[in-house]
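Below: the structure, in structure tokens.
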Amino acid sequence: MPMNVILLERVPKLGQMGDVVKVKPGYARNFLLPQKKALRAIKDNITYFESQRKTLEAQNLERRQEAEAVGAKMSDLKVILIRQASEALQLYGSVSSRDIADAAAAAGVKIERGQVELDKPIKNLGAHKIKVHLHPEVAVDITAVVARSPDEAEFLAKGGTLVAETERAQLEAAEAARRAAEQATALFEAKPAEGEAAEAPAATAEEASDKK
């Protein structure tokens, strides 16, 4: 049976501080209650929350303002992760939320893996936009640059795009075919023009004969 809880802070897709919501018991026991994001919605807890509401709201506002200040400094953050990958740009392994948190720490920004929103591990090279939750009401996008070398990472960070070797070969073949088609068309169009040029002197000779 669902469990009623009262939220102590905003929880995405669930509700705002002070809302009483129904959740699955496992979600409450494993996440909301131990993380102090909610209390069981029993009479004593609701009374306690109401008595502490102003204090909780003030604390929440202070934490949110601090998160906004940190977020402003992180808005252009790019974290670099050097990994081995195939010619198809697929990683030999993957990049997890913990890897991104560690890379951010190496760049001088401390975040927890639980703050990194990553639906599934990153499995290919490139510059990936990642959302980091600094507070229940504050999130910022950073860029995780996954590359095979520092030079490649710099190229990606500047907006470059990698092309897989298989795709590169296809593009080169298509470009060669396009050039060959253009050359064939140009040659075909040039032949009639040469014929017209050859007929021109003959017409001039006839005109000269008429004048005599």
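Fair warning: this is a prediction, and the values are worked out from it, not measured in the lab. Residues: numbered from 1 along the sequence shown.
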**Request:** Take H133 and V138 through the test side chain to side chain contact (heavy atoms under 4.5 Å, CB included) and record every step on the way to the result.
**Result:** CA-CA 6 Å; H133 296 274; V138 181; over 6 Å; no

**Prompt:** Transitively linked via ILVMFWY side-chain contacts under 4.5 Å: I80 with L91?
**Reply:** yes

**Request:** In plain terms, say whether E50 and R53 are close enough for a salt bridge, that is, a side-chain N and a carboxylate O under 4.0 Å apart.
**Result:** yes

**Request:** Identify the two heavy atoms, one from P34 and one from R29, that lie closest to each other, and give their separation to 0.1 Å.
**Result:** CD-O, 3.1 Å

**Prompt:** About how many Å separate CG of N4 and CG of L39, when rounded to the nearest 0.5 Å?
**Reply:** 13.0 Å

**Request:** State, to 0.1 Å, how close L77 and A107 come at their nearest heavy-atom pair, and which atoms those are.
**Result:** CD1-CB, 4.3 Å

**Message:** As an exercise, state the distance from CG of L7 to CE of M17, rounded to the nearest 0.5 Å.
**Reply:** 9.5 Å

**Item:** Taking every non-hydrogen atom, the tightest pair across I130 and A144
**Value:** CG1-CB, 3.9 Å

**Asked** Rounded to the nearest 0.5 Å, how far apart are CG of L61 and CD of E137?
**Response** 9.0 Å

**Prompt:** Looking only at atom types and distance, does a side-chain atom of N45 sit under 3.5 Å from a main-chain N or O of R40, one as donor and one as acceptor?
**Reply:** yes

**Asked** Is the shortest heavy-atom distance from the side chain of V132 to the side chain of E117 under 4.5 Å?
**Response** no

**Asked** Does any N or O in the side chain of E152 come within less than 3.5 Å of the main-chain N or O of R148, such that one atom is a donor and the other an acceptor?
**Response** yes

**Prompt:** Any sub-3.5 Å donor-acceptor pair from D19's side-chain atoms to Q16's backbone N or O?
**Reply:** yes

**Request:** Could you tell me which non-hydrogen atom of L118 sits nearest to which non-hydrogen atom of S97, and how far apart they are?
**Result:** CD2-N, 3.6 Å

**Message:** Working to the nearest 0.5 angstrom, can you tell me the gap between Y48 OH and L56 CG?
**Reply:** 6.0 Å

**Heavy-atom closest contact (I100 atom, I122 atom, distance)** = CD1-CD1, 4.3 Å

**Prompt:** Would you call D141-K129 a salt bridge at under 4.0 Å N-O?
**Reply:** no

**Request:** Determine whether V116 and V140 fall in the same hydrophobic cluster, where Ile, Leu, Val, Met, Phe, Trp and Tyr are linked whenever their side-chain heavy atoms lie under 4.5 Å apart.
**Result:** yes

**Message:** Do K22 and V5 make a side-chain contact, defined as non-hydrogen atoms from C-beta onward lying under 4.5 Å apart?
**Reply:** no

**Asked** So do V23 and L32 actually touch side chain to side chain, heavy atoms under 4.5 Å?
**Response** yes

**Prompt:** How close do D99 and V95 get, heavy atom to heavy atom, and via which atoms?
**Reply:** OD2-CA, 3.5 Å

**Prompt:** Can D44 and T47 be counted as having a side-chain donor-acceptor contact under 3.5 angstrom?
**Reply:** no

**Prompt:** Would you say the side-chain atoms of Q115 pair up with the backbone N or O of E112, donor to acceptor, closer than 3.5 Å?
**Reply:** yes

**Fill in**
One should read off an interatomic distance between E154 CD and L156 CG, to the nearest 0.5 angstrom, of 10.5 Å

**Message:** I'd like to know if I42 and F49 are part of one continuous hydrophobic network [Ile/Leu/Val/Met/Phe/Trp/Tyr, side-chain heavy atoms within less than 4.5 Å].
**Reply:** no

**Message:** Which residue is it: E9, R10, H135? I am looking for the one with a side-chain hydrogen bond (donor to acceptor under 3.5 Å, both in side chains) to N60.
**Reply:** H135

**Request:** Please check if atom NZ in K37 has more than 12 non-hydrogen atoms from other residues, nucleotides or ligands closer than 6.0 Å.
**Result:** yes

**Prompt:** Roughly how far apart are Q52 CD and Q59 CD, rounded to 0.5 Å?
**Reply:** 8.5 Å

**Request:** Group every Ile, Leu, Val, Met, Phe, Trp and Tyr by side-chain heavy-atom contacts under 4.5 Å, then state whether F155 and I82 land in the same group.
**Result:** yes

**Prompt:** Hey, quick one: are M3 and Y27 part of the same hydrophobic cluster, counting side-chain heavy atoms closer than 4.5 Å, chains of contacts allowed?
**Reply:** yes

